[in-house]
> 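Dumping the structure here so I can ask a few things about it.
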Amino acid sequence: MSFTLLLRRMPWITRLGLALVLLFAFLAAFGPWLAPYPEAEPVADVWQPIGTAGFPLGTDTLGRDMLSRLLYGAQRSIGLALVITVLSFSVGAVCGFLAAIAGGWTDQVASRIVDVFMSFPALILALLVLSVMGSSLPVLVLTLAFIDGTRVFRLARAVAVDLNVMEFVEAAKLRGEGIWWIARKEILPNALPMLLAEFGVRFCFSFLLISALSFLGLGIQPPAADWGGMVKDNAQAIAFGLPAPLLPAGCIALLTISVNLVVDFLLDQASRRSRRG
Amino acid sequence: MPDLARLIGKRLLLGLLTLFAVSVLVFIGTELLPGDLAEVILGQTATPEAVAAIRAKLNLGDPAVLRYWRWFSGVLVGDFGNSLASGRPIVTVLLPRLQATLFLAATAAVIAVPLAIALGLLSALWRDRTFDKTTSAATLAAISMPEFFIGYLLVYVFAVQLGWFPAISRISPSAGFGQKLWAIALPALTLTLVTTGHMMRMTRAAVVQVLSAPYIEMAELKGTPRRAIIFRHALPNAIGPIANVVVLNLAFLVVGVILVEVVFVYPGMGQLMVDAVSKRDIPLIQACAIVFAITYVGLNMLADIVSILANPRLRHPR
């Protein structure tokens with residue numbers, strides 16, 4: 001199935017989700033250049049309300065411009081989640097495929113190890129590791145990529161085991177097609193909606209996890225702006241009737257909802273396909 | 001049914017093995033410390049003599065396996081050692097917090113479970129109609145949102161603007177049951193919103209699956225009334241998967257509680273663990289992690305056992 005065909009089948013709500021995802025992607029790419037103020041410097045009085053002249057989204061608990069911090073935060077929060085997802089996807093998928101191909105003893109050991117890590121709640125595991133190792137950026141990225149990778153491993157392994165015994169793959173093998181041709185022409189088109197959906201799910205997982213950790217003060221460290229940390233910084237404002245923490249929290253919610261709208265559509269496509277197949 | 005007993009016994013054994021592996025994982029975590037526990041306790045400026053004294057007192061010179069065994073056998077009888085920050089035995093700190101967390105989680109479960117099952121059932125029966133599409137969109141949103149967004153949104157509306165409930169959930173031990181419920185109204189509602197979506201979607205999927213089974217089509221073709229199809233043919237077969245879904249989500253609830261407790265400054269286990277992490281109180285972090293893990297692994301095991309009990313096909317494996 002090609003991208004254009006997928007696009008044409010989308011209902012309006014999925015298109016809305018996709019448009020929002022693209023908007024967030026744009027803000028993540030260019031946020032710091034669009035920001036009117038630097039992220040870490042106080043530029044006005046603290047907690048100016050939304051709509052103040054020069055500060056359309058107000059200022060935060062230290063008098064920094066909310067809009068600028070949201071834009072800088074977009075790049076950091078989304079960018080890091082993307083890096084983590086790409087890492088976990090490549091490593092997890094390669095290991096999962098290898099385990100499925102190797103089979104036997106190797107597969108058993110790898111799968112049992114992954115089972116143990118998956119039986120442990122992700123947030124607790126992350127808290128445990130970060131409290132011991134201290135929260136630096138490499139530790140954060142590697143920890144989350146590892147946790148995420150165990151989930152990818154399991155899916156990739158299952159997909160590989162399934163595909164190996166599918167009739168059209170057998171047929172192609174019997175026709176004498178090469179392994180790359182089979183992967184490109186037979187397996188990838190069939191797995192595309194599923195893979196894209198899984199990428200979206202894993203992105204949301206690591207994005208929410210990194211935001212949660214920052215919210216708890218263990219993720220990205222101040223004064224660098226990121227959405228989870230901004231919720232924590234501005235939590236006090238709500239007691240004074242200002243919705244300041246709702247802005248970054250709302251950005252997190254809107255992005256995950258948008259991604260999930262697209263994922264939901266892709267999963268639906270994938271399940272229709274497997275029902276027909 | 002010796003087969004059934006063996007199947008459940010097998011699952012119990014697997015659960016115990018998982019817990020053992022998880023306890024090793026929690027212990028190994030502290031072995032990753034740059035330096036060791038003695039340096040964490042005393043801080044950067046400690047003299048080598050003081051570090052050596054603490055090291056001797058905590059037997060840090062012993063091999064890791066021996067220290068693991070000492071810690072693990074303590075955990076088995078409920079002895080988690082002493083907190084580094086306060087010096088008090090961890091059990092006395094942990095128990096009241098665990099009680100508070102269970103109270104909050106139970107309250108949320110009492111609302112969320114019936115609500116999710118009813119909504120899931122209705123949207124499966126009215127599949128692809130307006131009700132189904134609306135609840136599907138609403139639950140998708142509820143699932144996607146982080147706990148702290150829902151939490152602060154509820155605080156903003158119900159505590160700040162309307163003033164109906166407190167924004168911070170402090171409960172004094174002397175408070176009556178009604179007062180306690182009022183204090184935890186907003187965190188309980190947050191947890192309800194977060195878990196209902198998951199549970200409802202999974203319930204819907206379970207019922208849809210049952211309704212697409214050939215025996216339902218058979219009943220329809222025989223001209224069985226719709227009511228009888230649902231209550232005599234479909235529901236008894238959907239109870240297993242639904243019970244499984246409910247128990248799985250209870251496990252979800254216990255972990256989701258961490259963020260909600262921090263939002264509402266609620267004195268539960270989650271808040272305790274986060275505080276311990278910021279103070280680097282390693283024994284207390286280990287204790288919290290292992291208690292959370294036991295609850296989580298235990299509930300997952302229970303979910304599997306429930307589905308074994310409810311599914312005749314699993315009761316008689318080939």
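Quick note on labels: first sequence line is chain A, next is B, and so on, each numbered from 1.
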> For the residue pair A/Leu130 and B/Val277, establish whether any side-chain heavy-atom pair is separated by less than 4.5 Å.
no

> Using a 4.5 Å cut-off on heavy atoms from C-beta on, say whether the side chain of A/Phe117 contacts that of B/Leu25.
yes

> Using a 6.0 Å cut-off, check whether atom CD of A/Gln221 has over 12 heavy atoms from anything other than its own residue.
yes

> Go through it in stages, so that I can follow the logic: the residues are A/Asp115 and B/Thr18, the test is side-chain contact (heavy atoms from CB on, under 4.5 Å), and I'd like the CA-CA distance, side-chain angles, deciding distance and then a yes or no.
CA-CA 8 Å; A/Asp115 279 351; B/Thr18 311; over 6 Å; no

> If I measure from the heavy atoms of chain A, does B/Val24 come under 4.5 Å with its side chain, its backbone, both, or neither?
neither

> Of all of A/Ala122, A/Cys204, A/Ala212, which one pairs up most often with chain B through heavy atoms under 4.5 Å apart?
A/Ala212

> Checking heavy atoms, do the side chain of A/Ile238, its backbone, both or neither come under 4.5 Å from chain B?
both

> To the nearest 0.5 Å, tell me how far B/Tyr152 OH sits from A/Phe215 CZ.
4.0 Å

> Looking at A/Ala249 and B/Phe148, what are the two nearest heavy atoms and their distance?
CB-CD1, 4.2 Å

> May I ask you to test the B/Ile285-A/Leu128 pair for a side-chain heavy-atom distance under 4.5 Å?
yes

> Nearest 0.5 Å please: distance from the CG atom of B/Leu17 over to the CZ atom of A/Arg112.
11.0 Å

> For A/Ser211, is it the side chain, the backbone, both, or neither that has a heavy atom closer than 4.5 Å to a heavy atom of chain B?
both

> Examine whether an atom of A/Leu254 lies under 4.5 Å from a heavy atom of chain B, and if so say whether it belongs to the side chain, the backbone or both; otherwise answer neither.
neither

> Between A/Pro243, A/Ser258, A/Gly250, which residue shows the highest count of heavy-atom pairs closer than 4.5 Å to chain B?
A/Pro243

> Looking at B/Val263, B/Val155, B/Ile150, B/Leu140, which one has more heavy-atom pairs under 4.5 Å with chain A than the rest?
B/Leu140

> Is A/Leu218 in contact with chain B via its backbone, its side chain, both, or neither, using a 4.5 Å heavy-atom distance?
side chain

> State the CD1-CZ distance between A/Ile252 and B/Phe149, to the nearest 0.5 angstrom.
9.5 Å

> Hey, could you give me the CE/CG distance between B/Met273 and A/Leu127, rounded to the nearest 0.5 Å?
5.0 Å

> If you measure from CD1 on A/Ile124 to OH on B/Tyr296, what distance do you get to the nearest 0.5 Å?
9.5 Å

> Taking all non-hydrogen atoms of both residues into account, name the closest pair between B/Gln161 and A/Gly241 and its distance.
NE2-O, 4.5 Å

> What is the distance from atom CG of A/Leu208 to atom OG of B/Ser144, rounded to the nearest 0.5 Å?
8.0 Å

> Select one option (side chain, backbone, both, neither) describing which atoms of A/Asp264 are under 4.5 Å from chain B's heavy atoms.
side chain

> Please determine, among B/Leu19, B/Ile143, B/Leu259, B/Asn300, the option with the most heavy-atom pairs under 4.5 Å with chain A.
B/Leu259

